[in-house]
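In what follows, a structure is listed as structure tokens, so that the remarks can point back to it.
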Amino acid sequence: VTSAPAPKLSITNSPTALIQIDAGKQLALLGSLTLLAPCSARWSVDDPSITLVDIARTAIAQYLVPLGGGASTFNLVLSAGALPQRGPAIHHAGRSRHCLPLSAA
């Protein structure tokens, strides 16, 4: 028995949209996962001062099933004014972990 390959995560926002984030505006991270097997996906933050479930306007966890080789979307939308000046957003899918450092202004 072999384990399923790790999901492939893409953040589909334009790179320039994530260079400098206006902390006074709602933030949407657009995630796309290519899966070969069902998995649980979860967004998290490595900052103990942030309770992601309280500032997220979308679900932070979801069970995803492959869609015929296509990508599944798993977006994260955060409330305006919810981010500190710096902090990484972490995305987990299955056993994979992806880090996206964010900087708010």
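What you see is a predicted model; the values in this text were computed from it and never measured.
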Hey, quick one: are Leu27 and Val77 part of the same hydrophobic cluster, counting side-chain heavy atoms closer than 4.5 Å, chains of contacts allowed?
no
Let me confirm one number: the OG-CG distance from Ser10 to Leu33, rounded to the nearest 0.5 Å.
8.0 Å
Apply the side chain to side chain contact (heavy atoms under 4.5 Å, CB included) test between Asp54 and each candidate in Thr51, Ile50, Leu52; give the one that qualifies.
Thr51
Decide whether Leu30 and Leu76 are clustered together by the hydrophobic rule: side chain heavy atoms of Ile, Leu, Val, Met, Phe, Trp, Tyr closer than 4.5 Å, transitively.
no
Nearest non-hydrogen partners of Thr12 and Ser32, listed with the distance:
CG2-CB, 4.0 Å
Heavy-atom pair with the smallest gap, counting every atom of Ala80 and Gly24
CB-O, 3.2 Å
Hey, does Leu29 have a side-chain heavy atom less than 4.5 Å from the side chain of Trp43?
yes
Please find the pair of heavy atoms, one from Ala28 and one from Asn13, that lie closest to each other, and give the distance.
O-ND2, 2.8 Å
Give me the atom names and distance for the closest heavy-atom approach of Val65 to Ser72.
O-OG, 3.6 Å
Quick check for you: to the nearest 0.5 Å, what is the distance between Ile60 atom CD1 and Phe74 atom CZ?
8.0 Å
Flag side-chain contact, heavy atom, 4.5 Å: Pro66 against Pro38:
yes
Thr73 and Leu64: which non-hydrogen atoms are nearest, and at how many Å?
O-CD2, 4.4 Å
